[in-house]
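For ligands, and for the atoms within them, numbers begin at 1 and follow the listed sequence. Index from 1, following the sequence. Being a predicted model, the structure only gives us computed values, none of them experimental.
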Amino acid sequence: MATALVMESTGTLRESHGRGMNVMSEEYIFPADLPEIDRLNLQHNLWKRAMKGNCSVPADELDAVFAKQKEPAILDLGRGTGIWCKEMAEAYPEARVVGVDLVDSVPAGMPSNCTRGDITQGLSSFRNQFDLVHVRLVIVHIKGDAAKEAAIGQAIACLRPGGIIVISTYDESYASSSRQFLSPARDDEDNSNRSWCTRYLAEAFGRSGECVVGDFTQKCLVNNVAIDKKSIRSDSFYIPVGWDGGDGTYGGVTGEMSLRQTYALFETCKPSLISKGVPQKTIDEWERKAEEEIKDPRKRLFHVVRSIWGRKL
Ligand SMILES: C[S@@+](CC[C@H](N)C(=O)[O-])C[C@H]1O[C@@H](n2cnc3c(N)ncnc32)[C@H](O)[C@@H]1O
């Protein structure tokens with residue numbers, strides 16, 4: 001059991017004795033401590049740069065949906081540190097913003113139109129109430145495909161007709177400078193077309209290192225009878241790790257943020273690797289190889305973020 005520091009609504013910290021942030025997952029453990037709060041907030045700011053805003057859904061599409069309601073309503077499912085809810089509540093002061101999570105961590109200074117909902121009773125009390133449901137890096141933590149799809153179904157049920165669900169995640173394979181996904185590096189082989197960064201995440205998450213999370217999410221939206229199939233859209237953001245991306249889309253500052261975020265993610269993964277019985281020496285070796293790969297000018301990497309959205313009929 002990990003002991004974690006949890007940020008309360010006042011911004012003060014208290015000790016909590018839980019398994020960590022991803023209490024739904026038995027596959028891996030993420031800590032819920034101050035470095036993890038910092039990492040999630042850094043990741044939020046990085047994704048915001050990539051998406052040119054808080055949400056990949058175009059602002060005019062959101063505005064059109066919100067304009068139909070006297071009090072638009074936004075639900076952030078698995079709000080984490082609460083930074084996204086806070087910024088959305090500030091951007092849309094006329095909206096009611098509700099953030100729910102299994103872990104009680106909310107930044108200080110939440111606007112009055114932003115509240116914490118109680119997730120412990122399930123999502124049934126939120127049905128048919130929201131114009132935007134935002135689910136970022138949550139579904140991936142739910143164990144098993146059937147449970148993941150059911151969770152997406154429950155999230156869709158929280159929408160009013162015409163409302164938008166947006167699900168964002170990152171692919172667990174890093175991509176080469178030519179945007180080809182790189183499968184996990186193998187011991188004692190030529191890994192020029194594979195990646196130690198992908199290997200590190202694949203070991204921590206106990207998966208094959210395939211870039212399937214976004215594909216799975218898209219399939220769930222397509223399969224859901226409540227979603228207007230014609231409305232489904234997706235976007236991929238290729239974020240350079242430790243370089244400028246080469247085409248002027250992002251630049252060096254984004255590359256540096258992404259580098260810090262990648263190292264912080266590796267740190268976050270360590271409790272999982274340790275719990276799987278990976279010796280510290282092996283973890284250090286994988287980390288060293290991943291860092292060498294990131295610094296290798298012949299092998300520039302992208303971290304790929306995917307966002308999929310659609311409207312309820
Ligand atoms: C990696 S964090 C992402 C947090 C936030 N969405 C963000 O993008 O910064 C995953 C969050 O999902 C929460 N979570 C996991 N399973 C959940 C569930 N079934 N219901 C609500 N929250 C959940 C965790 O407690 C954690 O805060």
Side-chain angles (χ1 to χ4, degrees), residues 2 4-8 16 18-51 53-56 74-88 97-107 114 116-126 130 132-144 146-155 157-158 165-172 201 204-205 213 217 237 239 257 261-262 264-269 271-272 303 305-308:
L5 288 173
V6 174
M7 201 184 292
E8 294 189 316
S16 123
R19 282 194 50 204
M21 281 208 133
N22 295 312
V23 284
M24 288 298 288
S25 171
E26 289 164 15
E27 292 163 294
Y28 48 89
I29 304 168
F30 274 11
D33 53 10
L34 274 181
E36 180 62 1
I37 290 170
D38 273 353
R39 184 187 75 82
L40 288 174
N41 287 345
L42 171 65
Q43 181 169 258
H44 166 82
N45 285 315
L46 180 63
W47 289 28
K48 216 168 117 177
R49 280 176 90 91
M51 293 176 181
N54 259 323
C55 194
S56 53
I74 300 171
L75 177 65
D76 189 19
L77 190 50
R79 72 169 179 260
T81 68
I83 191 168
W84 187 88
C85 304
K86 181 172 185 265
E87 292 186 6
M88 287 299 278
V97 183
V98 180
V100 293
D101 203 292
L102 295 169
V103 172
D104 194 16
S105 83
V106 177
C114 189
R116 284 181 285 168
D118 181 4
I119 187 81
T120 57
Q121 305 302 313
L123 290 179
S124 50
S125 61
F126 297 121
F130 293 91
L132 176 66
V133 172
H134 176 253
V135 193
R136 187 171 69 180
L137 290 169
V138 179
I139 300 300
V140 67
H141 300 307
I142 295 171
K143 194 177 178 184
K148 283 185 174 66
E149 189 154 10
I152 291 174
Q154 283 183 43
C158 296
I165 181 164
V166 54
I167 303 174
S168 300
T169 188
Y170 56 78
D171 281 321
E172 289 169 13
L201 294 193
F205 295 139
V213 186
T217 308
F237 305 91
I239 305 178
M257 281 173 78
Q261 157 61 22
T262 301
L265 180 60
F266 288 168
E267 213 49 51
T268 288
C269 289
S272 259
H303 182 54
V305 170
R306 289 224 265 168
S307 207
I308 292 128

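Inspection of the Glu87 and His44 side chains reveals an N or O donor paired with an N or O acceptor under 3.5 Å.
The atoms of ligand 1 that sit less than 4.0 Å from any heavy atom of Gly78 are 4 (C), 5 (C), 6 (N), 12 (O), 22 (N). For ligand 1, the atoms closer than 4.0 angstrom to any heavy atom of Arg79 are 5 (C).
Closest heavy-atom approach to atom 27 (O) of ligand 1 within the set Ile142, Asp101, Val138, Ile139: this belongs to Asp101.
Residues Glu172 and Val140 are in side-chain contact: their nearest non-hydrogen atoms beyond the backbone lie under 4.5 Å apart.
The distance criterion of under 3.5 Å between nitrogen or oxygen atoms is met by Arg136 with respect to ligand 1. An N or O contact shorter than 3.5 Å is missing between Leu137 and ligand 1 by distance.
Checked against side-chain hydrogen bond (donor to acceptor under 3.5 Å, both in side chains), Ser307 has the following partners two or more places apart in sequence or in another chain: Ser56, Ser168.
The distance from atom CD of Gln43 to atom OG1 of Thr81, rounded to the nearest 0.5 Å, is 10.0 Å.
Ring geometry, Tyr170 versus His303: the interplanar angle falls from 30° to 60°, so the pair is classed tilted.
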